[in-house]
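Please read the structure below before turning to the comments.
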Amino acid sequence: MASVTTPEGVVPRVETHHTGAITMRDRINSAIMYILLTLLALLSIYPFWWMIVASTRRSATILTAPPPMLPGSALGLNYEQLLAQLPYWRNTINSVGVAGIHTILVLFFCSLGGYAFAKFRFPGRDRLFGLMLATMMIPGVLGIIPSFMLMRWLGWLEGADNYLPLIIPGVANAFGIFWMRQYIASAIPDDLMDAARIDGAHEFGIYWKIVLPVVTPALAALAIFTFMGKWNDFFWPLIVLKDEIDYTLPVALASLPNLYSNEIGVQLLGATIAIAPVMIVFLLSARRFMAGLTAGAVKGS
Amino acid sequence: MASSTLEAGGSRRQRGTMYEMRRNMWAYIFIAPFFLLFAIFGLFPYLYAFYLSFVQWDGIGGPASQQWVGLANYQSLFSDDVFWKSIYNSIWLFVVTSLNLVIALLLAFILNSGLVRFKEFYRAAFFAPIVASSVAIAIIFSTLFGERYGALNYVIGLVGVAPVDWLGSALWIKPAIALVVIWRYFGWNTIIYLAGLQSINTDLYEAARVDGAGWRQIFFRITMPLMRPVITFTVILSIIGALQLFEEPLLLAGGTASTSPGGTDRAGLTVLVYMYSQAFQYLEFGYAAAMSVALFVIIVVFSFLYYRFLGREEA
């Protein structure tokens, strides 16, 4: 980690410590390594750049060889056509609302459950925790058809209720509870709660006033990936939402007429709007986000 | 005598347990939402799927309109060539997209070697694809895969390869889908492996180097064995994920409104896309449920076989 920020040059530090000299082979290895990494980084980024370029052009100036590398001037026109084809801002608001409300509920229920698993020693705790983790391994495909049926029986496919199937299931989910448990177990000393109990604090009050404020870093990370997951969710909203006006962004985007009958730039502008918000949040928080993610991933194994 | 002692001990423990449970009442209340919601939106649908696989149902009427047909759904499933094709396609995609795990392991090893500057930049770049909507990505790639003006054909044209009809031909649609999936997931797995590597004590590497071990020996003798649990975790996730591919095959080979999902010769039809079209386009909900049970069994068997033969320490 330190070698990233120290001004020691490209010279591989660890190697030289041991061999004492930089050999030709080290240099070649190092060059191959950087070429590989940079090539893969470019491959990862290029499709996004292409998306931005194409969303500002008309098909006539997109379909050229070589493909254009710089943005054009048709953003306004593409935007008008996108709005003519779909209520795209309404779809965006739907996405924000569904993902936002779902995320807030997840933060509440998962931190509550995580707190219980981390700080109480109740009979059956470990077995229930194991059972909860095991539910994560069930392939979701099995539940799709019956869940759809269940939503119909609950009347959740009608009117404004058709957001409930997207918001409610999963608000207390195994991953989130596991995630919060890991953090709470190490972040909060037991003395703190015992002291509050002696002072006569209510158990929920302890969670709300003592636990919650301390675990905000873990809540922030959980908020980011819950929001992203819900924002990008496609299969379930595709099944549940029937009217264009109710669509979330991915469903709206998938319903646009395809390549052969539509301006490419219009579609890719739609893609840009669907990607931009989460990508900006990710880039702003990339360092902390990935540090947190990796901690959870390894413990999760 | 013995039995009475046992009874007394048992009841004392019983009383203790009851007391402990009452004392921790709030803990049970705090974890109750998970188990309640799982029972309603998880367990019930999972179990009901097995029942539905034995009925004929159009998905519109209530339970009364479900007609028990016994094994008929499974019988037609096993004689349905399209279903077998979708199984073949899904397994093909799982095997080929596993390549992303190899790339990820290599990248994580390089990034962890301490020789790389700008590590944070590389990590963020590799990870970016997983953050984006898979629908948006499928749309972006459908333009990159264009036969005449797509960027991919332009690049392979530079080295003299003739343009490929990526999305329109039965031969190339699966490789095209696999490419998108590999592109999307290798960064995610790199980050997971990197975390695993960072938890390995660097003293082990130092000691091996002092003893004159090369990087190959270090990789195969130290890194790989210690990474086994993390690798098992990612392989199982990849089995579950790859066998349930949906967005990419749906959008690259046809689209949501397509009457021939899977594209030319159904070469891009995965089990999930087929299930979706059977249920929500043809209203064969019982048949689709049978399909979901079959895929569930396949996923469980694959995961179990991997765990049994390759995933465990003593394997």
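Computed from heavy atoms alone, side chains included, the values below leave out hydrogens, waters and symmetry copies. The sequence lines fix the lettering, A, B, ..., with proteins before strands; numbering per chain opens at 1.
- Looking at B:F186, the atoms closer than 4.5 Å to chain A (heavy atoms on both sides) all sit in the side chain, from C-beta outward.
- In this structure, the side chain of B:Q244 does not engage the main chain of A:P139 through any donor-acceptor pair within 3.5 Å.
- Only the side chain of B:F38 comes within less than 4.5 Å of a heavy atom in chain A; its backbone stays farther off.
- With a threshold of 4.5 angstrom between heavy atoms, B:M25 does not approach chain A through any atom at all.
- Between A:Y207 and B:F30, the two ring planes are tilted [angle within 30° to 60°].
- Residue A:M279 touches chain B through both its backbone and its side chain, counting heavy-atom pairs closer than 4.5 Å.
- Contacts of B:Q278 with chain A are absent, with no heavy-atom separation under 4.5 Å from either backbone or side chain.
- Atom CD1 of residue B:I240 and atom CE of residue A:M136 lie 10.5 Å apart, to the nearest 0.5 angstrom.
- Heavy-atom distances place the side chain of A:L154, and not its backbone, under 4.5 Å from chain B.
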Working for side chain to side chain contact (heavy atoms under 4.5 Å, CB included), residues A:F120 and B:Y28: CA-CA 10 Å; A:F120 289 80; B:Y28 292 105; over 6 Å; no

field: Derivation of the side chain to side chain contact (heavy atoms under 4.5 Å, CB included) call for A:L37 and B:F118
entry: CA-CA 10 Å; A:L37 289 175; B:F118 315 116; over 6 Å; no

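- Using a 4.5 Å cut-off between heavy atoms, A:I138 touches chain B through backbone and side chain atoms alike.
- Remark: side-chain polar atoms of A:N232 are paired, donor with acceptor, to backbone N or O of B:V131 under 3.5 angstrom.
- For B:F121, the part sitting under 4.5 Å from any heavy atom of chain A is the side chain, from C-beta outward, and nothing else.
- For A:A174, the parts sitting under 4.5 Å from any heavy atom of chain B are the backbone and the side chain alike.
- With a 4.5 Å cut-off on non-hydrogen atoms, B:L111 touches chain A through its side chain but not through its backbone.
- Only the side chain of B:I236 comes within contact range of chain A, with at least one heavy atom under 4.5 Å from a heavy atom of that chain.
- A:F282 touches chain B through its side chain: at least one heavy atom from C-beta onward sits under 4.5 Å away, while N, CA, C and O do not.
- For A:L131, the part lying under 4.5 angstrom from a heavy atom of chain B is the side chain only.
- By the 30° and 60° cut-offs, the orientation of the rings of A:F148 relative to B:F280 is perpendicular.
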message: Working note: A:W50 + B:I140, criterion side chain to side chain contact (heavy atoms under 4.5 Å, CB included); need CA distance, chi angles, decisive distance, verdict.
response: CA-CA 8 Å; A:W50 162 255; B:I140 296 169; 3.9 Å; yes

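- Under the 3.5 Å distance criterion, with hydrogens and angles disregarded, no donor-acceptor pair is assigned to the side chains of A:S147 and B:Y48.
- Only the side chain of B:Y154 comes within contact range of chain A, with at least one heavy atom under 4.5 Å from a heavy atom of that chain.
- When heavy atoms are compared at a cutoff of 4.5 Å, B:F126 approaches chain A by way of both its backbone and its side chain.
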